[in-house]
K.L.:
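Following this message is one structure expressed as structure tokens.
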Amino acid sequence: MAELITEYILPVRIFEKSENVYGEDALLKAKYKQIGLSETELCHVKGKGHLVLDFGKEYHGGARILTFKVAGGNGANVRLRFGESVTETRAELGERGACNDHSLRDIVTQLVSYSDMTFAQTGFRFLRIDFLDDADVYLKNVYCAFTHREFPAAKPFDSGDERINEIFATAKRTIDMCCQQYIWDGIKRDRLVWIGDMHPETLALTAIYGRCKIIEDSLDFATSQTPLGKWMNGMPMYSVWWLIIMADYCKLAGAEDYVLKYKDYISGLLTQIDGCVKDDGELDFPAYFVDWPTHEQPDELAGCRAILIYMANKMPELCRVTGISDGVALSLKNKLLKRPITVTHAKQVAALKYFALGELPEEDVALILKGGAAGVSTFMSYYILKAVAENASAEQAIEIMREYYGAMLDKGATTFFEDFDMEWVENSCRLDEYPKPGQRDIHGDFGKYCYKGFRHSFCHGWSAGVIRFLYEYANKL
């Protein structure tokens with residue numbers, strides 16, 4: 001397991017302060033990371049007040065606070081609020097989804113004289129410190145304690161287009177940030193190994209780095225948690241995605257030795273899945289899931305059928321590598337093809353249909369092109385963009401990507417979001433601004449399903465699936 005390292009990042013600006021904060025620019029200056037008895041460049045907080053620090057980009061980690069002195073020597077209570085947007089730092093817990101789910105990002109603690117302490121571990125760009133007592137507090141520095149892995153050199157990417165290069169760099173930064181001990185979906189919330197979500201993450205990581213131990217570690221962890229008879233993350237389609245990931249990882253990373261150790265599991269899982277498809281092709285799984293926008297909607301079953309066929313297409317090669325008979329996989333595919341994949345409105349399901357069948361009728365092509373970037377999701381971006389490229393043109397797909405991911409950049413993104421809807425663009429503030437009167441808050445006023453408001457993750461690994469699309473279609477335009 002690769003060791004995590006910690007860097008200490010200074011804030012790039014004081015975003016906001018109360019009137020009783022003096023000498024705050026001292027917090028922007030690099031100094032010895034050690035408290036001494038004769039410190040001179042200090043920020044002085046005289047009584048109750050607050051500071052909001054901007055670290056310039058989103059990071060994973062906590063806050064390292066070097067406190068020179070608290071007058072009276074008894075310590076001072078402070079409230080720390082970490083935010084992926086500046087508005088998240090002033091939200092109360094429970095307000096528009098603000099929460100401590102998966103990581104503490106809103107805490108009350110104490111600062112004491114001559115101390116050097118690190119607090120919390122989450123995803124953030126902004127830190128608000130509220131000084132809760134009538135005390136004089138003298139701060140030497142406040143650092144972002146940035147915790148991350150070290151990766152090898154990335155495969156070169158240069159489209160020759162500055163905007164596209166910025167999209168690539170931001171997507172890469174997003175997936176790198178989400179690679180901690182394992183591949184997490186998010187660094188603030190969803191600090192979990194979700195196998196279905198790992199497919200775009202695997203496509204991204206193998207495109208950048210080739211074979212990656214963190215992919216294998218994450219697959220090992222999820223498999224250890226899921227004995228045969230159970231489903232990955234409790235979701236049948238996520239076990240189907242596990243097989244897709246194994247097949248793609250084997251091919252893209254040359255990891256035949258890795259997948260071979262799961263020979264018995266692959267065979268057993270194929271049989272388990274086959275048992276949930278009736279002879280006439282009807283699906284009989286205990287639950288269904290493609291993504292949140294299609295959950296319990298008319299296109300959900302069509303999307304699941306497409307995922308199953310997509311998996312079945314890959315199984316003969318995986319069976320060959322592992323020495324398993326491909327009989328179950330071929331029989332499963334024949335059953336699945338007995339019923340059509342009928343798409344009514346969801347672009348992502350039309351795209352998955354293309355991945356399953358290798359072709360799309362005109363009405364489905366029209367659907368994935370309708371409205372340009374409208375209806376694209378960060379999770380399903382790779383599948384939608386590739387389907388557009390293969391069924392219309394690479395130029396149209398690149399323009400949709402530029403519009404969609406570029407809109408997040410224009411809202412101040414330094415990592416890409418859990419979700420994004422083009423409807424959010426109009427009359428909304430940037431994430432590094434407070435909304436003006438009449439403006440909508442890009443963070444607190446949006447989000448859906450389980451990620452409403454400030455619970456929404458602004459650094460989500462699945463959004464980096466666009467990286468493989470960029471290597472395939474935009475590298476050296």
Side-chain angles (χ1 to χ4, degrees), residues 9 11-22 24-25 27-28 43 45-65 76-111 119-135 137 139 142-144 186-189 408 411-415 417-418 424 427-447 451-459:
I9 310 296
V12 299
R13 63 170 172 156
I14 309 298
F15 182 87
E16 183 179 82
K17 73 180 189 75
S18 55
E19 292 182 355
N20 60 332
V21 176
Y22 307 95
E24 64 278 359
D25 285 348
L27 300 178
L28 306 179
C43 172
V45 184
K46 193 173 178 60
K48 296 178 181 179
H50 74 275
L51 271 169
V52 180
L53 306 177
D54 178 4
F55 291 93
K57 296 179 180 179
E58 172 137 356
Y59 292 98
H60 169 263
R64 179 180 177 182
I65 303 179
N77 292 304
V78 294
R79 182 182 182 185
L80 307 179
R81 278 181 281 185
F82 299 82
E84 295 186 296
S85 66
V86 70
T87 52
E88 188 179 15
T89 67
R90 65 178 183 180
E92 298 296 329
L93 286 173
E95 177 188 345
R96 291 189 293 170
C99 61
N100 277 335
D101 293 355
H102 296 205
S103 65
L104 293 174
R105 47 151 298 279
D106 184 344
I107 60 174
V108 174
T109 187
Q110 191 176 63
L111 301 180
F119 304 95
Q121 190 182 72
T122 186
F124 70 103
R125 171 176 168 177
F126 300 92
L127 171 65
R128 178 179 172 124
I129 308 174
D130 285 281
F131 299 84
L132 305 178
D133 296 335
D134 243 342
V137 180
L139 300 178
V142 180
Y143 294 95
C144 164
I187 55 175
K188 176 184 74 174
R189 197 213 82 252
M408 279 184 273
K411 290 300 179 183
T414 61
T415 50
F417 304 169
E418 182 173 8
W424 302 353
N427 193 34
S428 60
C429 66
R430 288 170 53 94
L431 64 82
D432 53 3
E433 300 172 343
Y434 291 140
K436 298 178 178 66
Q439 257 191 331
R440 299 183 294 176
D441 180 353
I442 192 63
H443 202 177
D445 288 342
F446 297 106
Y451 48 90
K452 293 179 180 177
F454 294 118
R455 196 173 190 270
H456 189 189
S457 161
F458 273 13
C459 178

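Values below: all heavy atoms of this structure, side chains included; hydrogens, waters and symmetry mates excluded.
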K.L.:
Kindly give the heavy-atom pair with the smallest separation between I107 and F119, and that separation in Å.
P.N.:
CD1-CB, 4.2 Å

K.L.:
Looking at V21 and C43, what are the two nearest heavy atoms and their distance?
P.N.:
CG1-SG, 3.7 Å

K.L.:
Before you tell me yes or no, could you show the steps for L132 and V78 under side-chain contact (heavy atoms from CB on, under 4.5 Å), namely the whole-Å CA-CA distance, both residues' side-chain angles and the distance that decides it to 0.1 Å?
P.N.:
CA-CA 5 Å; L132 305 178; V78 294; 5.6 Å; no

K.L.:
Are the side chains of K452 and R96 in touch, meaning some heavy atoms are under 4.5 Å apart?
P.N.:
no

K.L.:
If you compare all heavy atoms of A91 against all heavy atoms of A98, which two are closest, and at what distance to 0.1 Å?
P.N.:
CB-CB, 3.9 Å

K.L.:
Under the criterion side chain to side chain donor-acceptor pair (under 3.5 Å), I'd like the reasoning laid out for D106 against N100: C-alpha separation, chi angles, the key distance, then a yes or no.
P.N.:
CA-CA 7 Å; D106 184 344; N100 277 335; 5.7 Å; no

K.L.:
What pair of heavy atoms forms the shortest contact from L127 to A63, and how long is it?
P.N.:
CD2-CB, 3.7 Å

K.L.:
Take H50 and R79 through the test side-chain contact (heavy atoms from CB on, under 4.5 Å) and record every step on the way to the result.
P.N.:
CA-CA 9 Å; H50 74 275; R79 182 182 182 185; over 6 Å; no

K.L.:
Is any side-chain N of the basic residue among E92 and R81 closer than 4.0 Å to the acidic one's carboxylate O?
P.N.:
yes

K.L.:
If only atom types and distance count, is the side chain of D133 paired as donor or acceptor with the main-chain N or O of N77 below 3.5 Å?
P.N.:
yes

K.L.:
May I ask you to test the V86-D54 pair for a side-chain heavy-atom distance under 4.5 Å?
P.N.:
no

K.L.:
Between atom CZ of R440 and atom CH2 of W424, what is the distance when rounded to the nearest 0.5 Å?
P.N.:
10.5 Å

K.L.:
Let me confirm one number: the OG-CG distance from S18 to D130, rounded to the nearest 0.5 Å.
P.N.:
8.5 Å

K.L.:
Would you please name every residue forming a salt bridge (charged side-chain N to carboxylate O under 4.0 Å, His left out) with D432, sequence neighbours left out?
P.N.:
R125, R430

K.L.:
Just jot down the salt bridge (charged side-chain N to carboxylate O under 4.0 Å, His left out) partners of E88, sequence neighbours excluded, or say none.
P.N.:
R105, K188

K.L.:
For the atom pair CD (E58) and CZ (F82), what is the distance rounded to the nearest 0.5 Å?
P.N.:
12.5 Å

K.L.:
So with a 6.0 Å cut-off around NZ of K57, is the heavy-atom count from everything else above 12?
P.N.:
no

K.L.:
Could you check whether any side-chain heavy atom of P435 comes within less than 4.5 Å of a side-chain heavy atom of T87, counting everything from C-beta outward?
P.N.:
yes

K.L.:
For F458, enumerate each residue passing the ring-ring contact (aromatic ring centres under 6.0 Å, His included) test, keeping only those at least two apart in sequence or located in another chain.
P.N.:
F417, H443, H456

K.L.:
Decide yes or no for L51 and L27: does some side-chain heavy atom of the first lie under 4.5 Å from some side-chain heavy atom of the second?
P.N.:
yes

K.L.:
Looking at R189 and E418, is any side-chain nitrogen of the basic one under 4.0 Å from a carboxylate oxygen of the acidic one?
P.N.:
yes

K.L.:
Could you tell me whether a side-chain N or O of N20 sits under 3.5 Å from a main-chain N or O of K46, the two making a donor and an acceptor?
P.N.:
yes

K.L.:
In sequence, state the C-alpha distance, the side-chain angles, and the governing distance for Y143 and Y59, and then conclude on ring-ring contact (aromatic ring centres under 6.0 Å, His included).
P.N.:
CA-CA 11 Å; Y143 294 95; Y59 292 98; over 10 Å; no

K.L.:
Can you see which heavy atom on F454 is nearest to which on S85, and at what distance?
P.N.:
CE2-OG, 4.1 Å

K.L.:
List the steps, then state whether side-chain contact (heavy atoms from CB on, under 4.5 Å) holds for T122 with L104.
P.N.:
CA-CA 7 Å; T122 186; L104 293 174; over 6 Å; no

K.L.:
Given the rule in the side-chain contact (heavy atoms from CB on, under 4.5 Å) test, do I187 and T415 qualify, once you have shown the distances and angles that lead to the verdict?
P.N.:
CA-CA 11 Å; I187 55 175; T415 50; over 6 Å; no

K.L.:
Do F124 and L53 come within less than 4.5 Å of each other through their side chains, counting heavy atoms only?
P.N.:
no

K.L.:
Give, for atom OG1 of T89 and atom CG of L80, the distance between the pair rounded to the nearest 0.5 Å.
P.N.:
11.5 Å

K.L.:
Closest approach of L28 and V12, non-hydrogen atoms and distance?
P.N.:
CD2-C, 4.0 Å

K.L.:
Keeping K411 on the side-chain end and S428 on the backbone end, is there a donor-acceptor pair under 3.5 Å?
P.N.:
yes

K.L.:
I want to check something: taking the side chain as every heavy atom from C-beta on, are L139 and L111 in contact at a cut-off of under 4.5 Å?
P.N.:
yes

K.L.:
Less than 4.5 Å apart, side chain to side chain, heavy atoms only: is that true for L431 and E84?
P.N.:
no

